[in-house]
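These notes are about the structure you will find just below.
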Amino acid sequence: MKAIKENKYSIFLIIGVLLLVSILPLLVNLPFVLHVLISTLMYIGFALSYDIVTGQIGAVSLAHASFFGLGAYVTALIGKAIGAPFWLNIIIATILSIGLAIVMSLPAFRLSDLSFSFATLGLALTVQLVVKNWVKITRGPMCIHNVSNSSLWFNGILEISRTNLIAYFYLFLMVDIVIIILYRLISTGRLGRTLTAVRNDEVLASSVGINIQRYKRLTFFISAGIAGAIGSLWAPYISVVCPDYLSMDYTLNLLAIVFIGGSGSLLGVVGGSILLTVWPELLRVTPAFRLIIYGLFLLIFVTSIPNGVKGIISNVNKRLKIN
Amino acid sequence: MPLLKVCGLTKKFYGITAVNNVSFAVNTGEIVGLIGPNGSGKTTLFNCITRMLIADQGRVLFNGEDISNFKPAQIAQKGLARSFHFIRVFIDLTVRENILVAAQHHQQDNDLEQIFRTKNSRLLDQEILIKADKIINFIGLQGLTNEKAGNLSYGQRKLLSFSMAIIFHPKLVLLDEPAAAVNPTMIKRIGEYIRTLNQQGITFIIVEHNMEFIMGLADRIIALDQGSIIADGLPRDVQHDYRVQEAYFGV
Ligand SMILES: Nc1ncnc2c1ncn2[C@@H]1O[C@H](COP(=O)(O)OP(=O)(O)O)[C@@H](O)[C@H]1O
Ligand SMILES: [Mg+2]
């Protein structure tokens with residue numbers, strides 16, 4: 001996996017672009033446009049959390065949807081039981097997702113590379129099966145409908161109705177900015193160097209005293225926690241939570257985003273999220289051709305631009321002689 | 001008490017006994033040369049000492065402590081460093097970052113401090129940065145400080161991997177063929193470097209085929225053949241030992 005040098009200032013670039021995007025809802029107040037924007041913001045945070053483990057340290061986990069789904073279910077269930085404010089839901093979802101990640105890591109981290117990926121796949125399918133069949137709690141394939149709206153305080157005080165798309169847009173935007181800063185703090189500096197070292201060469205890394213297992217676990221737990229938080233935010237917005245949320249479809253979307261955008265790169269992952277969320281949503285206008293066009297697009301993109309969005313950016317950088 | 005004590009180390013691959021009941025001790029301050037024809041088990045011996053491979057039998061004591069059941073990372077943290085026969089560097093990190101990452105796991109601050117860049121953590125950053133730049137100057141790679149290690153030439157990688165092995169002030173360094181496929185000027189530089197570090201108290205065990213280089217550098221030579229020690233003594237004596245001559249030249 002080849003990482004391309006990233007501009008030091010990419011974080012400012014991205015946050016600047018996000019701030020620019022933040023005035024968009026004030027200009028185009030169309031529900032469809034806002035939904036596409038919110039989906040994109042959701043995927044940016046979700047994909048960045050995935051990249052912490054898959055792109056930074058290079059352990060390709062196939063269980064990432066489990067944490068997203070867990071966060072969504074936990075929030076839906078809390079909403080039915082007591083009306084908790086959104087930030088408390090996020091905290092609970094994050095803690096439980098990290099808990100699930102710890103349980104999964106017990107068997108999975110004894111293995112490396114491909115066997116690790118397969119182990120996480122098996123665990124993810126198991127978790128989804130449990131959710132599908134634990135009908136008493138999760139209602140199984142019937143899904144949980146009418147998830148309570150997000151609110152700023154208990155008992156639905158200061159509720160954000162899901163028809164208030166602008167509010168959800170800003171909520172996701174804020175969360176994304178926090179995730180971007182966290183991603184940056186983790187992927188640079190001493191910790192970032194350690195993660196790259198493990199990704200490049202585990203044998204050499206251990207010979208200089210890096211406890212590989214420890215860092216793999218650390219990134220796995222952090223990324224799981226963030227995914228749980230995203231799931232917790234998504235459930236009230238989309239209002240229905242189904243076992244599909246824990247399915248491989250989500251994880252495969254993330255894999256596509258991360259590898260088409262450019263793994264291990266902030267700009268790449270954000271670019272990939274935009275590319276792979278906006279396109280399919282726009283194609284909904286022509287449902288009959290949607291999957292065909294999307295498939296063709298992926299094929300052309302992967303074959304003609306091997307280094308992904310990250311590659312395009314670094315080429316532009318080279319031409320402009322910044323870097 | 002010797003710094004390193006190897007007792008009856010044995011490693012078999014299928015039918016082949018790569019390391020056969022090897023025992024020796026190395027004292028602090030020594031430079032020991034480890035020689036032997038290709039396939040005599042030198043690299044395997046290094047791998048077993050650092051637990052990159054798990055020996056079938058035998059024990060390794062480092063600084064009086066039994067490290068036979070330690071993990072490679074723990075052994076490194078105890079102060080036992082190594083370089084590799086097939087040179088390894090972190091290709092996505094720059095020259096400076098390679099050296100920093102090799103040094104930083106000997107520092108005492110936790111991950112949270114690192115993530116949130118606490119004052120203590122930033123001070124430690126500063127500390128290793130100065131150390132790293134010093135070593136980069138010393139090995140003459142200052143023009144390439146911010147170059148990705150993946151873009152370096154073989155000789156430059158060799159110097160880099162050598163710096164990575166010694167940056168964290170290890171007590172003992174195992175070097176696997178540091179002079180192989182390196183040009184004569186570079187060889188001379190590596191030799192001088194090893195001597196300087198040795199005077200600062202670092203102990204070395206060096207595998208090397210370049211006889212001129214190793215005989216001039218080592219205080220003592222251990223010769224291996226087919227996994228067993230066949231000679232252990234002063235360079236001059238070992239070089240003229242008939243078993244060594246036989247192993248190398250078949251005379
Ligand atoms: N991983 C391995 N699997 C099987 N055989 C090995 C392995 N590593 C080394 N050997 C064998 O062990 C013997 C010693 O190899 P090695 O330690 O590399 O020798 P040296 O470094 O002295 O050239 C050789 O016969 C080699 O083929
Ligand atoms: Mg060898």
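Reckoned from all heavy atoms, side chains included, excluding hydrogens, waters and symmetry mates.
When heavy atoms are compared at a cutoff of 4.5 Å, A:Ile222 approaches chain B solely by way of its side chain, counted from C-beta outward. Contact annotation for B:Arg51: neither backbone nor side-chain heavy atoms come within less than 4.5 Å of a heavy atom of chain A. Of the atoms belonging to B:Ser121, heavy atoms from both backbone and side chain fall under 4.5 Å from chain A. Proximity to chain B is absent for every atom of A:Ile212, based on heavy atoms less than 4.5 angstrom apart.
Chain A is approached within less than 4.5 Å, heavy atom to heavy atom, by B:Pro72, B:Ala73, B:Ala76, B:Gln77, B:Arg82, B:Phe84 from residues 62-87 of chain B, ordered by number.
Counting only heavy atoms from C-beta outward, the side chains of A:Thr196 and B:Glu97 never approach each other to under 4.5 Å. Residues B:Met52 and A:Ser206 have side chains in contact (heavy-atom distance under 4.5 Å, counting atoms from C-beta outward).
The closest donor-acceptor contact from the side chain of A:Asp201 to the backbone of B:Phe90 lies at 3.5 Å or more, if one exists at all. A:Arg193 places no side-chain N or O within 3.5 Å of a backbone atom of B:Gln104 that could act as its donor or acceptor partner.
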Self-check item: Residues B:Leu100, A:Arg190; criterion side-chain contact (heavy atoms from CB on, under 4.5 Å); working and verdict
Solution: CA-CA 8 Å; B:Leu100 292 175; A:Arg190 259 193 287 162; over 6 Å; no
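Interface remark: of the candidates A:Leu218, A:Ile210, A:Asn211, A:Ile210 forms the most heavy-atom pairs closer than 4.5 Å to chain B. For the options B:Ala102, B:Ser161, B:Gly150, heavy-atom pairs under 4.5 Å to chain A are most numerous at B:Ala102.
Counting non-hydrogen atoms of other residues, nucleotides and ligands closer than 6.0 Å to CZ of B:Phe13 gives a total above 12. Around the NZ atom of B:Lys131, the shell of radius 6.0 Å holds more than 12 heavy atoms that belong to other residues, nucleotides or ligands.
Taking both residues in full, the closest heavy atoms of B:Met164 and A:Val208 are given as O-CG1, 4.4 Å, listed atom of the first, atom of the second, then distance. The two residues A:Leu191 and B:Gln114 come nearest to each other via the heavy atoms N-OE1, 3.5 Å.
A distance of 7.5 Å separates CZ of B:Phe116 from CD1 of A:Ile186, quoted to the nearest 0.5 Å. The CG atom of B:Asp92 sits 4.0 Å away from the CG atom of A:Asn200 when rounded to the nearest 0.5 Å.
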